[in-house]
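In what follows, chains are A, B, ... by sequence order, proteins preceding strands, each numbered from 1.
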2 protein chains.
Amino acid sequence: MTVRQERKDAAEHRRKILQTAEKLFDEHGVNAVSMHQIAKTAGVGQGTLYRRYAHKGDLCLDLIQDFSREFMEQIERYLKKNENLSPQERLGAILDLWIDMIEKKAELIMTVQAHQMMEAEESRAATFFQSPLYSYVRQRMSELLAEIAASESGAQADPTLTAHALICALAPHGYFHMKQEKNYSTDQMKQNFRRLCRIPPQL
Amino acid sequence: MTVRQERKDAAEHRRKILQTAEKLFDEHGVNAVSMHQIAKTAGVGQGTLYRRYAHKGDLCLDLIQDFSREFMEQIERYLKKNENLSPQERLGAILDLWIDMIEKKAELIMTVQAHQMMEAEESRAATFFQSPLYSYVRQRMSELLAEIAASESGAQADPTLTAHALICALAPHGYFHMKQEKNYSTDQMKQNFRRLCRIPPQL
DNA sequence: AATGAAAACGGACAATTGTCCGTTTATCTC
DNA sequence: GAGATAAACGGACAATTGTCCGTTTTCATT
């Protein structure tokens, strides 16, 4: 027996929901927009919206997907093009790109993370730590960290854990807290995180 | 004109609320308990509860206070007692204590942080980054990091930012994610974070 | 084209969060 | 200790979140 195909209207609804959400978030800010409002504006029922997205965080995660794919390609291109640079230099470049990304998508990412924490264990909803974006960047960072470690002596920290820690430290909430408290520019934040990883100052 | 004193019953209510919340959280888990339920069980009105605590995160933050004070004293004692140890060693000890604390109070802290992210800018509610617990530990960590940096050469990262990054990386959600994914024991996590800070293995 | 069943729909409903305002009560003044 | 007053109360109410289920729609089968 063949598997029943996805209904044509489903894809259409999905597109409509994402498009509507993006527009409303843009106009009023993510926090000020309710799920009800999104459903109504998109012209779908409450149930339809919630069946697809367990909550706003879920929706936000999906909204980052496109951008996220682009971002990963950007990194991929950079790494391919600069294979000859030192791993330190390449890691620094990834950090810079990641920081730019965080600044651009802060609101969406914070919403994703906030909901992620609420649910704790339960839930079928996707989480940031399971997103391709997180997996990919952690993977790339840890490869570079491993490469750096190989050229040094002494007991090394688990590169995966180190990469994870970096990503956590760069989560929007903590990132902006420090940026504001110290009144750092974006560039100063980048320099600071480079130093944190013992990367020599940018050329 | 003298400032009007706080009403006696207010303190009583506050105590009752905290006590009730703690009990309910213990019995059913933080997420499963509603603010309404807390108010009702404590025998106070919804308004009374919300006037004191803007949301559950706020309440949770207050619930950590006692524990938090104790924790800070513990660190204070340790540092006083071990002034002669290397800064690396002392930093490692603080990390260990912090990790124990995170494991013990994970649910409350995650609730605090989740709400903190939801509100973003607005809000009068206290946040984790303004809590004495955070300030104190960041301060102590950054002092030790500065001491370590002084004995080394090369461009150093801002110790405050480094301490902040460590605390962020040790936030419950990220901490447990890594712990579970890698199937690390608490002790292995401690060792890993020591290595992350280039602290020689524990004696 | 008619039929049947799985998939999707949507809006009513339940639960939870958060606010508001008329009422109560402790404290101050005399 | 009587009255004034500002703080505190509490429960009704509004808004938001999240669920449920009877109905509709699409697709495969015939």
Side-chain angles (χ1 to χ4, degrees), chain A residues 1-18 20-21 24-25 28-61 111-112 114-120 122-126, chain B residues 1-18 20-21 24-25 28-61 111-112 114-120 122-126:
Chain A
M1 214 212 276
T2 58
V3 169
R4 204 166 249 272
Q5 283 209 12
E6 185 192 40
R7 276 167 55 162
K8 272 190 300 195
D9 54 345
E12 189 56 28
H13 272 139
R14 179 194 157 80
R15 216 184 43 69
K16 192 76 209 281
I17 289 172
L18 285 176
T20 304
L24 288 176
F25 288 167
H28 311 108
V30 175
N31 282 322
V33 178
S34 74
M35 290 294 267
H36 182 83
Q37 191 182 350
I38 294 170
K40 194 132 181 213
T41 310
V44 305
Q46 195 89 326
T48 303
L49 176 54
Y50 272 102
R51 192 163 347 91
R52 216 172 294 277
Y53 300 107
H55 48 67
K56 229 200 282 186
D58 224 18
L59 209 174
C60 289
L61 191 54
T111 306
V112 172
H115 281 274
Q116 193 168 339
M117 287 185 185
M118 296 288 234
E119 305 160 8
E122 29 160 354
S123 165
R124 71 230 120 81
Chain B
M1 213 209 277
T2 58
V3 170
R4 205 167 250 269
Q5 282 207 11
E6 185 192 43
R7 277 164 58 159
K8 272 190 299 197
D9 53 345
E12 189 56 30
H13 273 138
R14 180 196 156 78
R15 217 184 43 70
K16 193 78 210 282
I17 289 171
L18 284 176
T20 304
L24 289 176
F25 287 167
H28 310 109
V30 175
N31 282 321
V33 178
S34 74
M35 290 294 266
H36 181 83
Q37 191 182 349
I38 295 170
K40 195 134 183 210
T41 309
V44 305
Q46 193 90 325
T48 303
L49 175 53
Y50 272 102
R51 191 161 350 89
R52 217 172 292 278
Y53 301 107
H55 48 67
K56 230 199 285 184
D58 224 18
L59 210 174
C60 289
L61 191 54
T111 307
V112 173
H115 280 275
Q116 193 167 338
M117 286 186 186
M118 296 289 234
E119 306 160 7
E122 27 158 356
S123 166
R124 72 231 120 84

Taking only N and O in the side chain of B:His36, is any of them less than 4.0 Å away from OP1 or OP2 of C:dT17? no
Hey, are the side chains of A:Lys40 and A:Gln46 touching, using non-hydrogen atoms and a 4.5 Å cut-off? no
Side chain of A:Ser34, heavy atoms from C-beta onward: which of D:dT16, C:dG10, C:dT17 has the nearest atom to it? D:dT16
Starting at atom CG of A:Asn31, determine the distance to atom C1' of C:dT17, rounded to an integer number of angstrom. 15 Å
Report yes if some heavy atom in the side chain of A:Val44 is under 4.5 Å from a heavy atom in the side chain of A:Lys16; otherwise report no. no
I need the CE-C1' distance between A:Met35 and C:dT16, as an integer number of Å. 16 Å
Measure across A:Ile38 and A:Thr20 and return the closest heavy-atom pair with its distance rounded to 0.1 Å. O-CG2, 4.0 Å
A:Gln46 atom CD is separated from C:dG11 atom C1', nearest whole Å, by 8 Å
Between C:dT24 atom P and B:His13 atom NE2, what is the distance in whole Å? 16 Å
Let's see if you can work this out: which of C:dG10, C:dT17, D:dG18 has an atom nearest to the side-chain heavy atoms of A:Arg51? C:dG10
Which whole-number value in Å describes the distance from A:Leu49 CG to C:dA8 P? 15 Å
OH of B:Tyr53 to OG1 of B:Thr48: how many Å apart, nearest 0.5 Å? 12.5 Å
In whole angstroms, how far is the P atom of D:dT19 from the CG atom of A:Asp58? 12 Å
Do any side-chain nitrogens or oxygens of B:Tyr50 fall under 4.0 Å of OP1 or OP2 in C:dT19? no
May I have the distance from B:His115 (atom NE2) to D:dT17 (atom P), rounded to whole angstrom? 13 Å
Contact under 4.0 Å: A:Thr48 side-chain N or O vs C:dA8 OP1/OP2: no
Distance, rounded to the nearest Å, where A:Lys16 contributes NZ and C:dG10 contributes P: 11 Å
